[in-house]
Amino acid sequence: MINLFPPGILGIDVPRCDCDQCIRGVEATSPSTRTSASRVPGLVVDHFGERMRTGKYGHRLTRSTYALPNKTPSSYDNRSNYSPRQWETDGWVYEDEDHTRYSDAFCAQQRDEALINFDLNMEFFSQIPPADFEAALTKMLQKNKQLRPVSDLKDWTGDGGLYVMVFDEYRQVYVGQSGNIRARIKKHWSGTKAFDRLLCGSPEESVLSIDSFRCLDTTRIFAARTTRVDVLERRILSTLPKEYVLNRVNGGRPDGLRLMLLGLETNRRRLLPECLPSIET
């Protein structure tokens, strides 16, 4: 186990995964230039006590496997909700009259914009000083001592509560809640964001989805067994600068009026080169 903090800073040993893949990385390349080393068919890695088999997206986030076109919409429009003119206006997006398959033109545009957003996010991450990120993470953990470091996800089988995934290469964290922490984290690793939902806003402001990152991108995990997940999640997110957080919306379950106004809570970033992060910790 690797201790990332000086002795006594938290009063606990804070582990980061020390598997060969995490220590070595993938030839120390960036996600934009990384080769297919982590996408060998059938390759199995041990990570936080889990044996993860590679799929078509590999074990690490790469540009070459990001935004792979998918013509199947993640949800379907009800034609009765549109006027004939509105339905026809959106016709270019689809290749069929019933709007059940995306067109080549839409897929090409969506992929181009998603890759622009990917590149802008990578540039954004590269500007974050690792020491500043570490200091902010340390401060958050000191204020939320119920969060404990996770070394083996099997210890959390069936346990509900809150979890924090750390992505040291990108200086980012994700805060989530689940009734089964082990299963939820594995779902992040094995799933992927729908092609038509990669962008949350414009390419110049969309935060990369947590489900775009792969298992070996996760270098540390913290978790707490608690029933007050909404309160803890909001407190953690209020402690961390937004520049370090992958959550696209604020913490807590949306319901009632908040559900109606959820779009106003969406976290967005200024990703243009002249708007790179100036972060106070």
Side-chain angles (χ1 to χ4, degrees), residues 16-75 101-102 104 106-108 110-115 117-119 121-122 125 150-154 156-158 163-170 172-174 176 178 180-200 206-221 223 246-248:
R16 173 168 59 182
C17 183
D18 55 2
C19 68
D20 290 342
Q21 292 84 2
C22 279
I23 295 174
R24 184 175 62 250
V26 181
E27 299 178 0
T29 56
S30 72
S32 298
T33 60
R34 189 169 287 150
T35 68
S36 59
S38 66
R39 292 188 284 115
V40 177
L43 176 67
V44 177
V45 299
D46 292 316
H47 200 51
F48 288 96
E50 301 291 345
R51 291 179 60 79
M52 302 298 297
R53 185 177 299 276
T54 190
K56 68 177 180 178
Y57 297 102
H59 289 312
R60 291 181 184 271
L61 173 62
T62 67
R63 193 180 193 274
S64 62
T65 57
Y66 186 74
L68 298 181
N70 185 342
K71 288 194 169 188
T72 303
S74 58
S75 62
R101 294 273 295 173
Y102 286 128
D104 290 338
F106 170 80
C107 288
Q110 176 74 357
R111 177 170 168 76
D112 288 346
E113 292 184 351
L115 288 176
N117 177 251
F118 179 94
D119 293 338
N121 270 282
M122 291 303 130
F125 298 149
V150 175
S151 57
D152 191 332
L153 281 171
K154 289 191 290 293
W156 294 78
T157 302
Y163 60 92
V164 178
M165 302 169 70
V166 182
F167 306 86
D168 283 289
E169 180 179 355
Y170 305 97
Q172 296 289 294
V173 303
Y174 177 80
S178 176
N180 187 331
I181 290 174
R182 178 193 182 193
R184 187 69 185 100
I185 290 177
K186 291 181 67 178
K187 187 175 181 180
H188 285 310
W189 290 345
S190 59
T192 190
K193 197 69 172 176
F195 175 67
D196 58 2
R197 298 176 64 195
L198 286 174
L199 294 174
C200 185
S206 179
V207 177
L208 283 185
S209 167
I210 175 62
D211 292 328
S212 296
F213 294 85
R214 315 317 304 158
C215 66
L216 292 184
D217 295 317
T218 305
T219 48
R220 287 181 274 178
I221 301 173
L246 289 171
N247 294 60
R248 285 180 163 184

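Numbering of residues begins at 1 and proceeds along the displayed sequence. When reading the values below, keep in mind they use all heavy atoms of this one structure, side chains included, and skip hydrogens, waters and symmetry mates.
Looking only at distances, a side-chain donor or acceptor of His59 sits under 3.5 Å from a matching main-chain atom of Leu43. Asn121 places a side-chain N or O within donor-acceptor distance of the main-chain N or O of Asn117, the cut-off being under 3.5 Å. In this structure, the side chain of Asp196 does not engage the main chain of Ser75 through any donor-acceptor pair within 3.5 Å. In this structure, Asp217 contributes its side chain and Leu61 its backbone to a donor-acceptor pair below 3.5 Å. Arg182 contributes no side-chain N or O that, together with a main-chain N or O of Trp156, makes up a donor-acceptor pair within less than 3.5 Å. Judged by distance alone, the side chain of Arg214 and the main-chain N or O of Trp189 form a donor-acceptor pair under 3.5 Å. Of the possible polar contacts, none joining the Asn70 side chain to the Phe195 backbone as a donor-acceptor pair under 3.5 Å is found. Side-chain atoms of Ser74 do not come within 3.5 Å of backbone N or O of Ala194 as any donor-acceptor pair. Proximity of a side-chain donor or acceptor of Asn180 to a complementary backbone N or O of Gly158 within less than 3.5 Å is detected. Remark: side-chain polar atoms of Lys154 are paired, donor with acceptor, to backbone N or O of Gly49 under 3.5 angstrom.
Salt-bridge check for Asp119 with Arg63: passed, with a basic side-chain N closer than 4.0 Å to an acidic carboxylate O.
A ring-centre distance under 6.0 Å is found for Phe213 and Tyr170.
To the nearest 0.5 Å, atoms CE (Met165) and CD1 (Ile210) are separated by 4.5 Å. Rounded to the nearest 0.5 Å, atoms CD1 (Ile181) and OH (Tyr163) are 8.5 Å apart.
Heavy-atom minimum distance, Val44 versus Arg51: CG1-NH2, 3.5 Å. When all heavy atoms are compared, the tightest approach of Tyr174 to Asn247 is CD1-OD1, 3.4 Å. Taking all atoms of both residues into account, the shortest heavy-atom contact from Lys193 to Leu198 is CB-CD2, 3.8 Å.
By the 4.5 Å heavy-atom criterion applied to side chains, Arg184 and Leu153 are not counted as neighbours.
Within 6.0 Å of atom CZ in Arg101, more than 12 heavy atoms from other residues, nucleotides or ligands are found, so the atom counts as buried in its surroundings.
Checked by atom type, the side-chain pair Ser212/Ser209 shows no donor-acceptor distance below 3.5 Å.
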